[in-house]
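Convention: sequence-line order gives letters A, B, ...; per-chain numbering from 1.
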Amino acid sequence: MISCTEFIWAYNELFKFLHGRHGKEAVQELWKGISEEFLGNLDELVREKGIDGMREYWTHTLTEEGADYVMTVKEDAFYIDMHRCPSVALISEGPSSKYPHYCEHCAWLYPPLLEKSGFEAHMHIIDPERGECRLSVYRRCPRAGS
Amino acid sequence: MAYEHVHKDFHGALSFALQFLSDRYGRGEMEGYLRQVAREIYGPLRKRLRQEGLKALEEHWRKVFTLEGAEEGRDFTLSYEEGALVLRVRRCPAVHHIKERGYKLAEDFCESTRVVNEGICRPVGYDCSVDYERGAGRCVQRFWREG
């Protein structure tokens, strides 16, 4: 069994393997597949609860992963300012080199999924070596009066 | 060991990835990926196995299963039988989490244990076997020194 505590290394290795054997497009196809077929729990939370669902999902996952981040929740907007991505930190301390495009996976996983529920989302990679990034999400049609 | 933050949904993500590889590129590619995992990620464990023998694997499995919330004696046991290290898993944390959360269990999810274990053991003069009942979350893994 590959432990879930070692998964990020296995995930990073998968990107390197796919890129080396089948090119970057194969890695992007994997990311697209994860977004469309694996993240059903996030999709469901956002469809049902909107921004509250995002808060619930990322509070749970980022706490379990031990991230250093600031989450800002507004009525029509949601932001995660990641100061130290746990995945990037783990890979940099790990036994194998980081896939050069590692941080791009979040841009393929999350914005397309959130946009399906009526949000506009952007993933801004600030410093891929330090694991700093910002996810910005806006409701496309703000609620009346907000 | 990587770190001690345990996010068990990663088991589901790995299961998805294994099925993706197998469906898109064939089982051979999936195994090739797992061999790379054994070589790159478990290089330090492989080195310990060469230097310290089966005790290194015993410690590794105890730490992994305990971190995953499994209880020794109830969910898994580690013993030595005729010189082989035997890991009996009665409740696999990965398989059970995948099933509990409704993720799809990759057809070769349990087989990945065999490929990775072989990749850890064989280059340093050890061998291994895995007997499992797919999807049941139970298996018996054996590790022994070759020759």
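- Of the atoms belonging to A/Ala26, heavy atoms from both backbone and side chain fall under 4.5 Å from chain B.
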Does the side-chain contact (heavy atoms from CB on, under 4.5 Å) test come out yes or no for B/Lys104 and A/Glu37, once each step is laid out? CA-CA 10 Å; B/Lys104 189 179 170 191; A/Glu37 297 173 44; over 6 Å; no
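- Among B/Gly102, B/Gly12, B/Ser15, B/Ala17, the residue making the largest number of heavy-atom pairs under 4.5 Å with chain A is B/Gly12.
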Using side-chain contact (heavy atoms from CB on, under 4.5 Å), reason through A/Glu64 and B/Phe10 one step at a time and then give a plain yes or no. CA-CA 11 Å; A/Glu64 280 196 350; B/Phe10 284 152; over 6 Å; no
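- No more than 12 heavy-atom neighbours from other residues, nucleotides or ligands sit within 6.0 angstrom of CD on B/Glu82.
- Between B/Phe16 and A/Phe38, the ring-plane angle classifies as tilted under the 30° and 60° cut-offs.
- Between B/Leu14 atom CG and A/Glu6 atom CD the span is 11.0 Å, to the nearest 0.5 Å.
- Both A/Met123 and A/Met71 sit in one connected hydrophobic cluster of ILVMFWY residues. Membership requires side-chain heavy atoms under 4.5 Å apart, directly or through other members.
- In terms of heavy-atom pairs under 4.5 Å with chain B, the best-connected choice from A/Asn12, A/Leu18, A/Thr61, A/Ile2 is A/Ile2.
- Other residues, nucleotides and ligands contribute more than 12 heavy atoms inside 6.0 Å of the CZ atom of B/Arg90.
- Taking the side chain as every heavy atom from C-beta outward, B/Arg24 and A/His22 never approach each other to under 4.5 Å.
- For the atom pair OG (B/Ser112) and CE (A/Met1), the distance works out to 10.0 Å, reported to the nearest 0.5 Å.
- For A/Arg84, the CZ atom counts as loosely surrounded, since its 6.0 Å shell holds 12 or fewer non-hydrogen atoms of other residues, nucleotides or ligands.
- Annotation: residues 32-54 of chain B contacts chain A through B/Gly32, B/Tyr33, B/Leu34, B/Gln36, B/Val37, B/Glu40, B/Ile41, B/Tyr42, B/Pro44 [non-hydrogen atoms, separation under 4.5 Å].
- Around the CD atom of B/Glu58, the shell of radius 6.0 Å holds more than 12 heavy atoms that belong to other residues, nucleotides or ligands.
- Other residues, nucleotides and ligands place no more than 12 heavy atoms under 6.0 Å from the NZ atom of A/Lys32.
- At most 12 heavy atoms of other shown residues, nucleotides or ligands fall within 6.0 angstrom of atom CZ in A/Arg130.
- Linking ILVMFWY residues whenever their side-chain heavy atoms come closer than 4.5 Å, directly or via other members, leaves B/Val130 and B/Val89 in distinct clusters.
- The two atoms that bring A/Asn41 and B/Arg101 nearest to each other are ND2-NH2, 3.7 Å, heavy atoms only.
- Within the 4.5 angstrom heavy-atom criterion, no atom of B/Cys139 approaches chain A.
- Under the 4.5 Å side-chain heavy-atom criterion for Ile, Leu, Val, Met, Phe, Trp and Tyr, A/Val46 and A/Tyr79 are members of distinct hydrophobic clusters.
- Taking hydrophobic clusters as Ile, Leu, Val, Met, Phe, Trp and Tyr residues chained together by side-chain heavy-atom distances below 4.5 Å, B/Phe143 shares a cluster with B/Tyr80.
- In the hydrophobic cluster analysis, where Ile, Leu, Val, Met, Phe, Trp and Tyr join through side-chain heavy atoms closer than 4.5 angstrom, A/Leu109 is grouped apart from A/Ile125.
- In this structure, no portion of A/Ser97 lies under 4.5 Å from any heavy atom of chain B.
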